[in-house]
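The structure displayed is predicted, hence computed values, not measured ones. This chain uses plain numbering: 1 for the first residue, then up along the sequence.
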Amino acid sequence: PDSVEALSYKKVIQEKDLFLMVSEDDETVSTDLQQNWVEAFEPNKVKSFDNNHFWTIVKSWWFYEKEVSDFFKKSFEK
């Protein structure tokens with residue numbers, strides 16, 4: 001989705017806890033668009049990776065699985 005379409009979900013998204021992983025070398029979902037989402041949605045937590053789309057996904061789970069899981073567990077406990 002483009003940034004205009006994503007912004008139509010802003011109110012709903014801001015009512016939820018959000019953890020974004022940003023890929024700094026992404027050609028699948030442009031890094032600029034990801035940065036726009038960070039600014040627009042003001043997530044609770046952001047992690048940036050100096051990798052492409054694929055390796056950002058892989059590394060986020062290899063190295064941050066517990067952090068991501070804990071974030072969402074805490075969110076569900078609210």
Side-chain angles (χ1 to χ4, degrees):
D2 63 24
S3 58
V4 174
E5 182 182 345
L7 286 175
S8 68
Y9 298 102
K10 184 174 182 172
K11 183 176 186 220
V12 173
I13 289 172
Q14 286 182 327
E15 294 173 0
K16 308 289 183 189
D17 290 334
L18 187 62
F19 189 159
L20 290 180
M21 303 289 183
V22 175
S23 175
E24 298 292 340
D25 190 25
D26 202 324
E27 294 179 7
T28 304
V29 177
S30 77
T31 301
D32 288 341
L33 181 57
Q34 292 178 58
Q35 292 295 346
N36 287 344
W37 289 345
V38 169
E39 290 176 28
F41 300 130
E42 301 173 356
N44 306 76
K45 194 164 189 117
V46 177
K47 284 255 182 242
S48 293
F49 295 86
D50 192 21
N51 298 104
N52 64 25
H53 191 84
F54 174 80
W55 285 111
T56 294
I57 293 169
V58 171
K59 285 183 170 185
S60 68
W61 283 105
W62 275 352
F63 301 114
Y64 297 97
E65 177 183 6
K66 181 167 175 25
E67 186 175 349
V68 172
S69 295
D70 289 348
F71 175 83
F72 287 108
K73 284 178 189 175
K74 184 176 179 182
S75 175
F76 291 135
E77 293 171 355
K78 290 182 180 178

To the nearest 0.5 Å, what is the distance between [atom1] on [X] and [atom2] on [Y]?
{"X": "Q34", "Y": "E24", "atom1": "CD", "atom2": "CD", "answer": "8.0 Å"}
{"X": "K74", "Y": "S69", "atom1": "NZ", "atom2": "OG", "answer": "14.5 Å"}
{"X": "D26", "Y": "I57", "atom1": "CG", "atom2": "CD1", "answer": "8.0 Å"}
{"X": "Y64", "Y": "F49", "atom1": "OH", "atom2": "CZ", "answer": "5.0 Å"}

What pair of heavy atoms forms the shortest contact from [X] to [Y], and how long is it?
{"X": "D17", "Y": "F72", "result": "O-CE2, 4.4 Å"}
{"X": "N51", "Y": "W55", "result": "CB-CB, 3.8 Å"}
{"X": "V38", "Y": "P43", "result": "O-CD, 3.3 Å"}

Would a hydrophobic clustering, with Ile, Leu, Val, Met, Phe, Trp and Tyr connected at side-chain separations under 4.5 Å, put [X] with [Y]?
{"X": "V22", "Y": "F54", "answer": "no"}
{"X": "W61", "Y": "L20", "answer": "no"}
{"X": "L33", "Y": "M21", "answer": "no"}

Discussion item. Using side-chain heavy atoms (C-beta onward) and a distance below 4.5 Å, is H53 in contact with V29?
Written reply: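 The answer is yes; the side chains approach within 4.5 Å.
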
Discussion item. Using a 3.5 Å distance criterion without hydrogens, assess whether the side chain of N44 forms a donor-acceptor pair with backbone atoms of L18.
Written reply: yes

Fill in: Test item: S60 side-chain N/O and T56 main-chain N/O as donor-acceptor pair under 3.5 Å
yes

Worksheet item: salt bridge (Lys or Arg N to Asp or Glu O under 4.0 Å): which pairs involve residues 34-58, sequence neighbours left out?
Response: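 For residues 34-58: K45-E67, K47-E67.
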
